[in-house]
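The next block holds one structure in the form of structure tokens; read it before the comments.
Naming: A, B, ... by sequence-line order, numbering from 1 per chain.
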Protein chains: 2
Amino acid sequence: MKLDKGLIAGSSTMLVLKLLESGDMYGYQMIEELSRRSNQVFQMQEGTLYPILHTLEKGKYLSAYEQQAPTGRMRKYYKLTRKGRQLLAEKQAEWEKFHRGVEDVLSGGADALSFS
Amino acid sequence: MKLDKGLIAGSSTMLVLKLLESGDMYGYQMIEELSRRSNQVFQMQEGTLYPILHTLEKGKYLSAYEQQAPTGRMRKYYKLTRKGRQLLAEKQAEWEKFHRGVEDVLSGGADALSFS
DNA sequence: TATTATACCTAGATATTCAAGGTATTGTCA
DNA sequence: TGACAATACCTTGAATATCTAGGTATAATA
């Protein structure tokens, strides 16, 4: 992606899972869809995506099947499994926690405001 | 930190710079302060912090000076330079962009809503 | 016919964090 | 006194994640 490599680390898997929540997709499509949904902020590289998909498939978070496109080309579709949905929920919860932490620090931190 | 290692990557430098924006600090103090401001979300390790401080100092983003604590112990304080403030601004802008991107994807993505 | 877009994949370099260790001083508690 | 915890600094090596840069192959387009 164009952003600081580090920032993206850890969120890629969550984003991939999130995409599949709205329906089965094939790799190439995910890259376009991620770019579209993020208003071009995320330009995921194939070298990033495919290893993630393979790891998730091995871990049974995704299942895969091949299907012929109208053009005649074969596409490998990925489908979110129940286990994958659970992982997505965990990743999202972690993102919320992390995100809140960063915002707290950027806004000056937990001050005298919070008590009890 | 306790969160997925990857999520933190890239944000650590920004958080360190942000801490120093409110005043000079020494390493050990930054770890405690970061924890406090983030409501215990960030527990930065020394093995993470010190290399970051050294890198930032080498790049002239921070300057350092030693000062004796009331206890008699020596502490190494870090001070944000003008260049450091500029880097912080850049890092924050990048965080905003990244953050917005993630939220857009998590909320379903850029749909028919946005036009022009 | 040549180039671009589609569609999949992998290997190696790079970057970041963490775990685990080290050194040394100060404060506390038995 | 002696032992341990807390303070305060540091480094090395392993693990993890991403990107660069390549590879293969088919379909559409100029």
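Taking atom CZ on F42(B) and atom P on dT17(C), their separation rounds to 11 Å, with Å as the unit. To the nearest angstrom, C1' of dC9(D) lies 14 Å from CD of Q29(B). Between the CG atom of L53(A) and the C1' atom of dA7(C) there is a distance of 13 Å, given to the nearest Å. Going from atom CG of L49(A) over to atom P of dC8(C) covers 9 Å, rounded to whole Å. Rounded to whole angstrom, the span from the CE atom of M25(B) across to the P atom of dA8(D) amounts to 14 Å. Per the geometry, NZ belonging to K76(A) stands 17 Å off P belonging to dA25(D), to the nearest Å. The distance between atom CD of Q45(A) and atom C1' of dC9(C), rounded to the nearest whole Å, is 15 Å. As a whole-Å value, the separation of M44(A) CE from dC9(C) C1' is 16 Å.
Counting only residues at least two apart or in different chains, ring pair (Phe, Tyr, Trp, His ring centres under 6.0 Å) contacts with residues 5-24 of chain B are absent.
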Report, one pair per line, the protein and nucleotides 10-15 of chain C atoms (nitrogen or oxygen only) whose separation is under 3.5 Å.
unit_1  : atom_1 : unit_2 : atom_2 : d
dT10(C) : OP2    : H54(A) : ND1    : 3.2

What pairs of nitrogen or oxygen atoms, one from the protein and one from nucleotides 5-7 of chain D, lie under 3.5 Å apart?
unit_1 : atom_1 : unit_2 : atom_2 : d
dT7(D) : OP2    : Y28(B) : OH     : 3.3
dT7(D) : O2     : R73(B) : NH1    : 2.1
dT7(D) : O2     : R73(B) : NH2    : 2.9

N/O to N/O distances under 3.5 Å, protein versus nucleotides 28-30 of chain D:
none

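Once rounded to the nearest 0.5 Å, the distance linking CG of L87(B) with CZ of R82(B) reads 15.0 Å. For the atom pair S35(B) OG and M44(B) CE, the distance stands at 11.0 Å (nearest 0.5 Å).
In the hydrophobic clustering of ILVMFWY residues, with side-chain heavy atoms under 4.5 Å counting as a link, M74(B) and L62(B) come out apart.
Looking at T81(B), its side chain does come within 3.5 Å of a backbone N or O of Y61(B) through a donor-acceptor pair. Side-chain atoms of K83(B) come within 3.5 Å of backbone atoms of G59(B) as a donor-acceptor pair (strictly under, hydrogens ignored).
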For Y78(B) and M25(B): C-alpha separation, side-chain torsions, deciding distance, then whether side chain to side chain contact (heavy atoms under 4.5 Å, CB included) applies. CA-CA 6 Å; Y78(B) 289 92; M25(B) 286 187 203; over 6 Å; no

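The ring pair (Phe, Tyr, Trp, His ring centres under 6.0 Å) check on Y26(A) picks up Y77(A), with sequence neighbours excluded. Residues meeting the ring pair (Phe, Tyr, Trp, His ring centres under 6.0 Å) test with H99(B), sequence neighbours left out: H99(A), W95(B).
In terms of heavy-atom proximity, F42(A) sits nearest to G101(B) at CE1-C, 3.4 Å. In plain terms, the two heavy atoms of R37(B) and G108(A) that are nearest each other are CD-O, 3.6 Å.
A sub-4.0 Å separation between OP1 or OP2 of dA17(D) and a side-chain N or O of S12(A) is absent.
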